[in-house]
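Every chain is numbered from 1 and lettered A, B, ... according to where its sequence line falls, protein lines coming before strand lines. Quick caveat, the model's predicted, so the values are computed rather than measured.
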Protein chains: 2
Amino acid sequence: MHSEVVASRSADPRDSRESRNGTPHLDAVSLAIIEQLQEDGRRPYAAIGKAVGLSEAAVRQRVQKLLDQGVMQIVAVTDPLTVGFRRQAMVGIHVEGDVESVADALTSMAECEYVVMTAGSFDLMVEIVCEDDDHLLEVINRRIRAIPGVRSTESFVYLKLKKQTYMWGTR
Amino acid sequence: MHSEVVASRSADPRDSRESRNGTPHLDAVSLAIIEQLQEDGRRPYAAIGKAVGLSEAAVRQRVQKLLDQGVMQIVAVTDPLTVGFRRQAMVGIHVEGDVESVADALTSMAECEYVVMTAGSFDLMVEIVCEDDDHLLEVINRRIRAIPGVRSTESFVYLKLKKQTYMWGTR
DNA sequence: CTGAGACCTGCGGATTTCGCAGCATCGGCG
DNA sequence: CGCCGATGCTGCGAAATCCGCAGGTCTCAG
């Protein structure tokens, strides 16, 4: 797709000064490497090197560092329906008391794929992935509502997933 | 992690009859292969084969088929904050008229990472990934609200992402 | 019975990964 | 200024992996 060098000026890897929040800053070349791996997580290092203008070994070292730092991970992602999870829902939660502790309880539940603290009329939003309606009902009514601090919940059952990308940084 | 064979009885790959919705059904061995690749998308085929009880070539063929069928994809996923996207939000949308066409409009926006049609008090829910507050404001107020059929929106700005997995099927 | 289709194995040859020994650059420091 | 450690890149062989292909086996349909 990209045919040639991405590195212009200041593709300086020493650009690894920390930003305010302590997350490592990425230079243009590392971004380009990530883009390559977002297209195909198994693309050979040599091919990536050719695309970004680096040797095979250099790409390998960078990728390893990105993985070690937790900046990215290379994984298989699946279509939930195909793998047997037929019901999904987003659940908004109103909390009284410590939001963080409720969030931790949700995080430890296998069915909660996604847990985020929000500003707005919900304190927490959670994505639930279940096998069927019974399973979903049990998770929401029995398990989530049983967590101390959960005042009320509102569910949004998925009717149709229209888009789901993993292409952050590719814009 | 998993030390030995997963395939017991009926790990029958001929089990590829279609389920009602037309998605191919997966047998136990393919599931096990997916689990391996969810732990590490670059794990060698031979290592996977040893874990699931198949030859290297067989694993390779299965993986290729799973990719071709779109059952899974192997990609790099990144932490949005590290890659420079500091503001995220979930937006619930009330629609009048054709929901599908609004969903399509949202889908074509780069900032919409996730678009889903829902049952409940929202017709659509969308996850937005932005660089900063200005960007987020522009996307929600100028772009989303401008889509014909959008009656109103409600935003939930992310304060803290507590959990995000890609481990469907690993339960 | 026969043929087609799906799946697996085994095997070389091409490719990729891996580890390591140089280099070069940069910033700190006496 | 010269030295030094840290960092990052390159360029190797050696080892491991990937890849294509030629069989086998099994099942189902005709």
Practice problem: Answer yes if B:Leu37 and B:Tyr45 sit in the same cluster of Ile, Leu, Val, Met, Phe, Trp and Tyr residues linked by side chain heavy atoms under 4.5 Å apart, and no otherwise. | Solution: yes
note: B:Gln36, atom CD; D:dT17, atom C1'; distance rounded to Å ~ 17 Å
Report all interatomic pairs (protein N or O, nucleotide N or O of nucleotides 10-12 of chain D) with separations under 3.5 Å.
residue	atom	partner	partner atom	Å
D:dT10	OP2	A:Ser55	N	2.6
D:dT10	OP2	A:Ser55	OG	2.4

Can you label the angle between the B:His94 ring and the B:Phe122 ring as parallel, tilted or perpendicular, going by 30° and 60°? tilted
In A:Val157, A:Val129, A:Val91, the residue satisfying side chain to side chain contact (heavy atoms under 4.5 Å, CB included) with A:Leu136 is A:Val157
Separation of D:dC19 atom P from A:Arg43 atom CZ, nearest Å, is 13 Å
Might you work through the side-chain contact (heavy atoms from CB on, under 4.5 Å) test for B:Gln69 and A:Asp79, ending with a clear yes or no?
CA-CA 11 Å; B:Gln69 287 176 156; A:Asp79 171 18; over 6 Å; no
Notebook entry, point to check: Are B:Ile144 and B:Met109 side-chain neighbours, meaning at least one heavy-atom pair lies under 4.5 Å?
Noted result: yes
note: B:Gln64, atom CD; C:dA6, atom C1'; distance rounded to Å ~ 16 Å
**Item:** B:Leu161 with A:Val126, same ILVMFWY side-chain cluster at under 4.5 Å
**Value:** no
- Phosphate oxygens OP1/OP2 of C:dA6: is one of them under 4.0 Å from a side-chain N or O of B:Lys65? no
**OP:** Using the rule that two of Ile, Leu, Val, Met, Phe, Trp, Tyr join whenever any of their side-chain heavy atoms come within less than 4.5 Å, decide whether B:Val116 and B:Leu106 are in one cluster.
**Re:** no
Side-chain contact check for A:Arg62: nearest option of D:dG8, C:dT17, D:dC18 is D:dG8
In whole angstroms, the gap separating P of D:dA16 from CD1 of B:Ile48 amounts to 18 Å
**OP:** Identify whether B:Leu159 and A:Val102 are in the same connected component of the hydrophobic contact network (ILVMFWY, side-chain heavy atoms under 4.5 Å).
**Re:** yes
Between CG of A:Asp68 and P of D:dT7 the distance, given in whole Å, is 14 Å
If each end axis of the helix from C:dC1-D:dG30 to C:dG30-D:dC1 is fitted on five C1' pair positions, the angle between them, to 10 degrees, is 20°
Report task. Could you tell me whether the phosphate oxygens of D:dC18, OP1 or OP2, come under 4.0 Å of any side-chain nitrogen or oxygen in A:Arg42? Result -> yes
From the list A:Glu127, A:Glu113, A:Glu100, salt bridge (Lys or Arg N to Asp or Glu O under 4.0 Å) partner of B:Lys162 resolves to A:Glu100
